[in-house]
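The following block contains the structure, expressed as structure tokens.
What you are looking at is a predicted structure, and each value in this text was computed from that prediction instead of being measured. Labels below follow one simple rule: chain letters A, B, ... track the order of the sequence lines, proteins then strands, and each chain is numbered from 1.
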Amino acid sequence: MAGSNNHKNTEAGSIKSAFGAANRARLINAYFAQQSEENITPDQAWAHVYRLLLWVDQTTGLGHCYESDKSQPGKRWYARSLAFHDWLSTALGVAPDELAKQIDWLFLQAAEDLAANVIRQAANVTAKAETQRKPYQGRGFPRPGEDPELVTIVRETLGRYLGSEPPPEVWDKLVQRVRQYLALENKRKNLVGEGFEDVLAQVLQRTCRRDDMEVFTRRALHELQGFNRMRAGDKPNKVDVSVIRPSMRTLVTAKWSVRADREKQFVTDFTDYVNAESDRKPFEYIFVTNEFDPARLMRACEQLVGNALMFKHVVHISTDAIKATYGLSGEGKDEAASMQRVLKHIDEGRLISLEQWLAGLKSE
DNA sequence: TGTTGAGGAAATGTGATAAC
DNA sequence: GTTATCACATTTCCTCAACA
């Protein structure tokens with residue numbers, strides 16, 4: 001935990017970067033503080049990750065397990081999203097229409113902090129903007145936030161229900177609120193990236209509880225025990241999550257989901273790790289993900305370097321969720337085959353659940 | 001010593017096109 | 001007609017140098 005740059009972020013009510021590392025750490029701590037001790041175990045790890053990070057797709061209302069555009073009604077992943085939603089709400093013990101409120105905790109909290117920050121600074125900002133606009137006063141410059149098209153849409157839709165014409169400031173305010181509402185969803189990306197690493201690190205530490213185990217996030221490779229500095233001038237290679245024990249060094253790449261161009265990065269990162277290794281002892285490379293696409297999972301499980309498998313394990317937040325989501329479907333021929341292969345990897349212990357990985361670390 | 005702004009890095013999402 | 005790939009969009013936070 002030490003080493004994070006807290007600045008003035010710790011005072012409650014004055015959060016500078018709502019989505020930044022310091023506030024994320026604060027929120028994750030707050031989340032676990034309200035959990036009962038007996039709930040913080042490997043078998044509940046998936047639930048903590050999903051409660052903290054998983055969200056509901058705004059367009060379908062269902063738990064997000066695949067890209068939104070492919071999960072629309074009528075498309076192949078809509079059926080699977082329904083199955084996933086069913087599994088998840090059952091597993092968490094909530095009604096399907098209540099799920100949205102039970103998950104996405106980290107984002108909802110951070111968004112609240114962000115909104116509070118905007119309000120706190122609003123007066124300041126408008127005052128500043130006034131002085132900036134002063135030299136152009138009276139020349140009919142566009143007002144900030146002005147959006148005639150959006151106003152037209154609202155006006156035409158409401159039509160005769162609109163009692164009287166609202167003043168321009170009210171239109172501006174409406175436009176601003178709509179903008180903010182739509183923009184909010186885009187900010188999630190920032191949380192799913194580094195936030196996933198933070199949550200994993202906390203889950204690791206809190207469920208394993210070993211004195212001889214250290215967990216780091218985004219630490220430079222050469223600062224980890226037994227890895228050399230790279231050539232001077234090269235930019236340092238940061239490891240998403242690392243688990244250091246006397247018996248083994250585990251380097252983790254954590255990606256909530258995978259995209260083809262990012263798959264290549266796994267191999268180049270691994271090559272860097274191998275080249276930097278200086279203790280002459282083996283280390284593990286592990287991939288933790290919440291990806292549901294069968295082809296992508298299959299490739300990760302089967303990726304070779306030289307003639308050996310690259311990842312010691314591929315870890316999924318919940319292999320039960322995968323099984324439930326795939327169900328009996330599989331429309332394309334290739335896709336059905338990929339699914340079968342992923343299920344086989346689960347049976348054979350190549351693709352394991354977060355619970356299995358944590359239990360292994362704990363009892364080892 | 002503290003603040004500010006520019007540029008960089010990193011993340012996922014999306015649309016177009018190529019390949020099968 | 002589907003899948004893979006590419007290129008780019010969008011957003012935020014971080015770092016570092018310049019400045020008051």
Quiz item: Who are the side chain to side chain donor-acceptor pair (under 3.5 Å) partners of A/Thr271, not counting sequence neighbours?
Solution: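 Partners of A/Thr271 under the side chain to side chain donor-acceptor pair (under 3.5 Å) test: none.
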Quiz prompt | Atom-to-atom span, NZ of A/Lys238 to P of C/dT15 - whole angstrom | solution =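 These atoms are roughly 6 Å apart.
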Quiz item: Listed by chain and number, what are the side-chain contact (heavy atoms from CB on, under 4.5 Å) partners of A/Thr268, not counting sequence neighbours?
Solution: A/Gln265
Exercise. Looking only at side-chain atoms of A/Ala21, point me to the closest of C/dC13, C/dC14, B/dA11.
Key: C/dC14
Quiz item: Side chain of A/Lys187: nearest nucleotide among C/dT11, B/dA11, C/dC13?
Solution: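 So the side chain of A/Lys187 is nearest to C/dT11.
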Quiz prompt | Between C1' of C/dC13 and CG of A/Asp198, the distance in whole Å | solution = 13 Å
Exercise. Measure from the side chain of A/Lys255, starting at C-beta and using heavy atoms only, and say which of B/dG13, B/dA11, C/dC13 lies closest.
Key: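 The listed nucleotide nearest to A/Lys255's side chain is B/dA11.
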Quiz item: Which pairs, with at least one residue in residues 307-319 of chain A and sequence neighbours excluded, count as a side chain to side chain donor-acceptor pair (under 3.5 Å)?
Solution: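 Passing the test, one end in residues 307-319 of chain A: A/Glu284-A/Lys312.
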Self-check item: Rounded interatomic separation in angstrom, taking CZ from A/Phe19 and C1' from B/dA11
Solution: 13 Å
What does the list of N/O pairs under 3.5 Å between the protein and nucleotides 4-7 of chain C look like, with a distance for each?
from: C/dC6; atom 1: OP2; to: A/Lys264; atom 2: NZ; distance (Å): 3.1

Practice problem: For A/Asp57 and B/dG13, give me the distance from atom CG to atom C1', rounded to whole Å. | Solution: 12 Å
Quiz prompt | Listed partners of A/Asp57 passing side chain to side chain donor-acceptor pair (under 3.5 Å), at least two apart | solution =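 If we apply the side chain to side chain donor-acceptor pair (under 3.5 Å) test to A/Asp57, skipping adjacent residues, the hits are A/Thr59, A/Ser68.
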Practice problem: Look at the rings of A/Trp87 and A/Phe84 and say which category their plane angle falls in: under 30° parallel, 30 to 60° tilted, over 60° perpendicular. | Solution: parallel
Exercise. Return each pair, listed once, that meets side chain to side chain donor-acceptor pair (under 3.5 Å) where at least one residue sits in residues 88-111 of chain A; pairs must be two or more places apart or across chains.
Key: A/Asp104-A/Arg188
